[in-house]
Amino acid sequence: MTVPANMDSFIGNAHSVEILKRAIAQDRLPHAMIFAGPQGVGKATLALLVAQQLNCLSPVSNSACGHCSACRRILAILESRHLPCKTLKTGFCGTCANCQIRARRHPDVRLIEPDEKSIITIDQVRDLIDEIAFQPAEARYRVVIFDPAGEMQAAAQNSLLKTLEEPASRTILILITANPYSLLQTIRSRSRMLQFGAIPQEAIERFLATNARMAAEEARLAAAISGGSLGTALSVDTTEYREIRTQALQFVNLLLRRGRFVEVSNIAVQVTKEKDKELFLLWIETVSALLRDIYFCDVAPDRVAQRDLRETLTQLARSISREVYVRAIHAVEKLKRDLQNNVNKQLAVESMFVALGTHHG
């Protein structure tokens, strides 16, 4: 993946980017912020670009240069975040190519992530509090990013409260979360929240074709099922996707053409029994993408993303009323929101079908 050079090259959420740039230019950036929004839209990436903007040694036209030592060392955090050590299964050898990138990380920009227990522990937070009691070693501003902040133990969140109430000099805290209500109310009340939304499909498609060097058709497919998440689009296996799409299309047919509940229930059992949660989420996004394309077949054919299915989807669009597939689109979007609350996936799929009134009994 191509790492953005600075905030100007960040993809999506232009309004949030502009708010942050203006706050930095006016020296009014809050000492504690919550970046809240869907996964995969670049919240942690933007937090690191904020650190870069604050600490660039040679800014150009109010933007980070991307080339000075501070910029390069902050960008090394982005570059190395998901690079495993090539020598050790876990840990840091210090000599392989990936670890050498990690070794270049800026000492005053900290990315706090879950430990081996998949949580951010109170010990991690206490160590951080001890560290920020001192001035930054070399940066103008120390920036500490918690991602995902919702994985902080309640005790860890409580231990952070005093730091939020009495912020350390020249230190900015940024909490990354898909669900801000997973954070204590006392944390939320002491932080400025910035909401992020999905990235437009067209922007993701352009990025994949230009920066990820993906073939046009593959880029279009990946963007269509990304759900507005660049991270999802970059990780999509389009061959695997086409297999999932076959089942999703069967479900959409049942949804729109008043299929039998037992058939829908069978599909719900199949797609939710998989242990891999990501595959189920991909299936949901595929259903959503198919419904959007059915809508576009009717109102804006040029916007159909899955052009290899255009004839099939056009026939579906012509066989039912617009009201039916518009209601289905809204129902699937509601289902995706409900799934964020850890509801039973099979029951949620079945209940959506029943709520639409499309079963025969």
Side-chain angles (χ1 to χ4, degrees), residues 29-51 54 74 76-85 88-92 98-99 102-103 105-134 136-137 139 141-168 170-196 229 231 277-278 281 340-342:
L29 197 69
H31 72 275
M33 292 178 286
I34 297 171
F35 285 9
Q39 293 183 351
V41 298
K43 300 184 297 295
T45 294
L46 184 58
L48 287 163
L49 295 177
V50 166
L54 287 166
I74 293 169
I77 302 173
L78 271 176
E79 293 169 359
S80 65
R81 185 178 186 190
H82 300 297
L83 293 180
C85 175
L88 305 173
K89 290 185 177 179
T90 60
F92 175 78
N98 289 352
C99 286
R102 290 171 61 186
R105 291 182 170 195
H106 199 294
D108 293 319
V109 178
R110 297 286 309 280
L111 181 60
I112 309 297
E113 300 178 280
D115 66 2
E116 64 274 5
K117 299 177 182 177
S118 300
I119 55 174
I120 296 175
T121 66
I122 189 170
D123 289 335
Q124 287 176 278
V125 174
R126 284 172 173 166
D127 289 345
L128 172 71
I129 291 171
D130 290 341
E131 178 183 327
I132 64 179
F134 300 93
Y141 287 92
R142 175 189 287 110
V143 178
V144 180
I145 302 159
F146 295 87
D147 183 27
E151 298 303 322
M152 266 195 289
Q153 294 174 313
Q157 292 188 45
N158 278 315
S159 70
L160 194 60
L161 283 177
K162 185 172 178 60
T163 300
L164 295 178
E165 292 168 350
E166 302 174 10
R170 296 163 55 200
T171 293
I172 306 292
L173 303 181
I174 302 177
L175 289 77
I176 310 295
T177 181
N179 178 14
Y181 297 100
S182 63
L183 300 172
L184 297 176
Q185 192 279 332
T186 45
I187 293 281
R188 301 198 306 272
S189 66
R190 289 163 175 79
S191 309
R192 183 73 58 85
M193 191 178 303
L194 191 61
Q195 291 283 354
F196 289 72
S229 164
K277 179 183 177 182
E278 297 303 318
L281 295 178
Q340 295 178 2
N341 297 321
N342 295 319

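Note that the numbering runs from 1 along the sequence shown for the chain. Model, not experiment: these values are computed from the prediction.
Residues Leu160 and Phe146 have side chains in contact (heavy-atom distance under 4.5 Å, counting atoms from C-beta outward). Between Val143 and Val50 the shortest side-chain heavy-atom distance does not fall below 4.5 Å. Residues Val109 and Leu111 have side chains not in contact (no heavy-atom distance under 4.5 Å, counting atoms from C-beta outward).
With values rounded to the nearest 0.5 angstrom, Ile145 atom CD1 is found 11.0 Å from Ile172 atom CD1. A distance of 4.5 Å separates CG in Leu78 from CG in Leu48, rounded to the nearest 0.5 Å. The distance from the OG1 atom of Thr177 to the CE atom of Met193 is 8.5 Å, given to the nearest 0.5 Å. Interatomic distance, Asp123 CG to Ser159 OG, rounded to the nearest 0.5 Å: 9.5 Å. Atom CG of residue Leu175 and atom OG of residue Ser191 lie 6.0 Å apart, to the nearest 0.5 angstrom. If you take CG on Asp108 and CD1 on Ile132, they are separated by 12.0 Å, rounding to the nearest 0.5 Å.
Shown here are the side-chain contact (heavy atoms from CB on, under 4.5 Å) partners of Pro30, two or more places apart in sequence or in another chain: Met33, Arg192. With sequence neighbours left out, the side-chain hydrogen bond (donor to acceptor under 3.5 Å, both in side chains) criterion links Ser80 to Arg105. For the side-chain hydrogen bond (donor to acceptor under 3.5 Å, both in side chains) test, residues two or more places apart in sequence or in another chain that qualify with Ser229 are Thr232. By the side-chain contact (heavy atoms from CB on, under 4.5 Å) test, Ala178 is found to be paired with Gln39, residues two or more places apart in sequence or in another chain being considered. Arg110 pairs by the salt bridge (Lys or Arg N to Asp or Glu O under 4.0 Å) definition with Glu131, not counting sequence neighbours. The side-chain hydrogen bond (donor to acceptor under 3.5 Å, both in side chains) search around Thr171 returns Arg142, not counting sequence neighbours. Not counting sequence neighbours, the partners of Phe196 by the ring-ring contact (aromatic ring centres under 6.0 Å, His included) test are Phe35.
Taking every heavy atom of both residues into account, Ile74 and His106 meet most closely at CG1-CB, 3.9 Å. Residue Gln124 comes nearest to Glu113 through the heavy atom pair NE2-O, 2.9 Å, listed as atom of the first residue, atom of the second, then distance. In plain terms, the two heavy atoms of Ser118 and Pro114 that are nearest each other are C-CB, 3.4 Å.
For residues 154-164, the set of pairs meeting the salt bridge (Lys or Arg N to Asp or Glu O under 4.0 Å) definition, not counting sequence neighbours, comprises Lys162-Glu166. Listed by first then second residue, pairs satisfying salt bridge (Lys or Arg N to Asp or Glu O under 4.0 Å) with a partner in residues 170-186 number zero, not counting sequence neighbours.
For the pair His31 (side chain) and Leu173 (backbone), a donor-acceptor distance under 3.5 Å is absent. The main-chain N or O of Gln195 is never found under 3.5 Å from a side-chain atom of Lys43 such that the two would form a donor-acceptor pair.
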For residues 181-188, please give each side-chain donor-acceptor pair under 3.5 Å, one per line with the distance, not counting sequence neighbours.
unit_1, atom_1, unit_2, atom_2, d
Ser182, OG, Asn179, O, 2.6
Arg188, NH1, Leu183, O, 2.7

Which donor-acceptor pairs under 3.5 Å do the side chains of residues 147-154 make with protein atoms, sequence neighbours left out?
unit_1, atom_1, unit_2, atom_2, d
Asp147, OD2, Arg81, NH1, 3.2
Asp147, OD2, Arg81, NH2, 2.5
Gln153, OE1, Ile122, N, 3.0

